[in-house]
Amino acid sequence: MVGNYCPACGQRHLGERITLRFIGVELFQMLTNLERGLWHTLLELVRNPGRVIRDYLSGATVLYYQPVRFLLLMTGISALMANLVDFDKIMEMTMSTMNMELTPEQKALQSKMMHNVLRYTNVIMALNVPITSI
């Protein structure tokens, strides 16, 4: 290795061991890269998603965050947020505001369903992207 990159393939040379600190620094850099980063891609996707897709497909890839990395990051964030939310309580509050009473069997089925949805949130989110795109 000469320098930070392999002269044959361009792979970045990692001079240090991969530790939690290294991962934290990499994550921080990934999230705060304003020139070609997550925030620019998110903002442009909110403003004009069609243009972002057309630009990326036409070869203007330097401006935007990598799509697969973006998908994985958003899926991870969604899964984390889903695990932090108490869906049983939300459903109970929703039913009470709609003046609906559930039987114990219905509550058990609803709880089981929400447990399975939370268990497979990553898969559901990843599969939802192409379905929504279509």
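Put simply, the side chain of L109 does not reach to within 4.5 Å of the side chain of M113, judged on heavy atoms.
In I23, the CD1 atom is crowded: over 12 heavy atoms of neighbouring residues, nucleotides or ligands sit closer than 6.0 Å.
Of all heavy-atom pairs spanning Y65 and T41, the tightest one is N-OG1, 2.7 Å. Closest heavy-atom contact between H40 and Y64: NE2-CE2, 3.8 Å.
Rounding to the nearest 0.5 Å gives a distance of 5.0 Å between CE of M74 and CG of L42.
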